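Worksheet: one structure, shown below.
Since the model is a prediction, treat every value here as computed from it, not as a measurement.
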Amino acid sequence: MAQPTPMDASAGGLRTIRNALYLVLAWCSFALGVIGVFVPLMPTTCFMLLAVWAASRGSPRFAQWIREHPRFGASVVAWERERAIPRRAKCVAILMLGFSVLVLLLTVPSLIVKLALVTGLSLLALWIVTRPAPGHPSL
């Protein structure tokens, strides 16, 4: 039977550190996603997707918990399986983007910055609208 070498122990330690870093990223992303439920302009689903990605590498049990979460799980699973966005999530995202555009138009003084931000948010809205709904080939 082969004896473990110092190199083997080092690799195990690095793996533990890497898993811990993925887990920290997962929890931070999950927390930001929860905050996004309550704060306009703050996304939720993209943070949940990042959380489940990181958790899959650092703690598969945590990743499964996110997938089964009653509030966030359906959107994450729909994206992972079909690259689809549920209709309700699309509606909420478009409403929040519209609200964000309105706030930007009323508060940002620079015309160039306004145009850039409104263009970017409009393109994001277009991308969201063109994603399929779960279980449907289109929209």
Side-chain angles (χ1 to χ4, degrees):
M1 183 174 233
Q3 297 257 333
T5 66
M7 188 65 91
D8 293 337
S10 173
L14 290 176
R15 189 172 20 260
T16 302
I17 291 169
R18 187 185 69 218
N19 287 352
L21 291 173
Y22 276 127
L23 193 55
V24 167
L25 177 61
W27 273 108
C28 290
S29 298
F30 183 81
L32 289 170
V34 170
I35 291 168
V37 170
F38 304 102
V39 177
L41 302 175
M42 181 100 166
T44 297
T45 304
C46 65
F47 283 118
M48 290 302 161
L49 292 172
L50 178 59
V52 82
W53 174 82
S56 294
R57 283 146 182 79
S59 171
R61 196 173 84 187
F62 181 39
Q64 191 59 34
W65 181 81
I66 296 170
R67 288 182 184 102
E68 294 171 355
H69 193 279
R71 172 76 170 94
F72 308 114
S75 294
V76 169
V77 170
W79 183 258
E80 287 182 326
R81 287 188 182 155
E82 306 173 53
R83 295 299 187 247
I85 302 173
R87 288 191 198 286
R88 184 177 185 284
K90 284 186 189 187
C91 290
V92 170
I94 298 304
L95 286 172
M96 289 293 104
L97 286 168
F99 177 72
S100 300
V101 165
L102 181 63
V103 169
L104 289 168
L105 290 173
L106 296 173
T107 59
V108 175
S110 170
L111 180 61
I112 298 290
V113 173
K114 277 184 191 183
L115 286 173
L117 291 172
V118 169
T119 300
L121 291 177
S122 298
L123 290 172
L124 177 60
L126 180 64
W127 183 83
I128 289 170
V129 168
T130 59
R131 298 304 95 200
H136 294 86
S138 64
L139 215 122

**OP:** Check the hydrophobic clustering (I, L, V, M, F, W, Y; side-chain heavy atoms under 4.5 Å; chains of links allowed) and say if Leu95 and Leu124 are grouped together.
**Re:** no

Residues joined to Tyr22 in its hydrophobic cluster, side chain to side chain under 4.5 Å directly or through other members, sorted by chain and number, are Leu25, Leu50, Trp53

Could you tell me whether a side-chain N or O of Ser59 sits under 3.5 Å from a main-chain N or O of Ala55, the two making a donor and an acceptor?
no

Taken in chain and number order and not counting sequence neighbours, the residues that satisfy side-chain hydrogen bond (donor to acceptor under 3.5 Å, both in side chains) with Ser56 are Arg67

Determine whether a donor-acceptor pair (N or O, by modelled atom type, separation under 3.5 Å) exists between the side chain of Thr44 and the backbone of Gly33. yes

By side chain to side chain contact (heavy atoms under 4.5 Å, CB included), Val113 pairs with (sequence neighbours left out) Val108, Ser110, Leu117

- Same hydrophobic cluster for Val77 and Ile85, using side-chain heavy-atom links shorter than 4.5 Å among ILVMFWY? no

Sorted by chain and residue number, the side chain to side chain contact (heavy atoms under 4.5 Å, CB included) partners of Glu68 (sequence neighbours excluded) come out as Gln64

In this structure, would Leu121 and Leu123 fall into the same cluster of hydrophobic residues linked by side-chain contacts under 4.5 Å? no

Check your understanding: Taking a hydrophobic cluster as the set of Ile, Leu, Val, Met, Phe, Trp and Tyr residues connected by side-chain heavy atoms closer than 4.5 Å, whether directly or through intermediates, do Val118 and Val129 fall within one such cluster?
Key -> yes

Residue set satisfying side chain to side chain contact (heavy atoms under 4.5 Å, CB included) with Leu49, at least two apart, ordered chain then number -> Thr45, Val76, Trp79

Besides Leu102, the hydrophobic cluster formed by Ile, Leu, Val, Met, Phe, Trp and Tyr side chains linked at under 4.5 Å, directly or via other members, contains Leu106

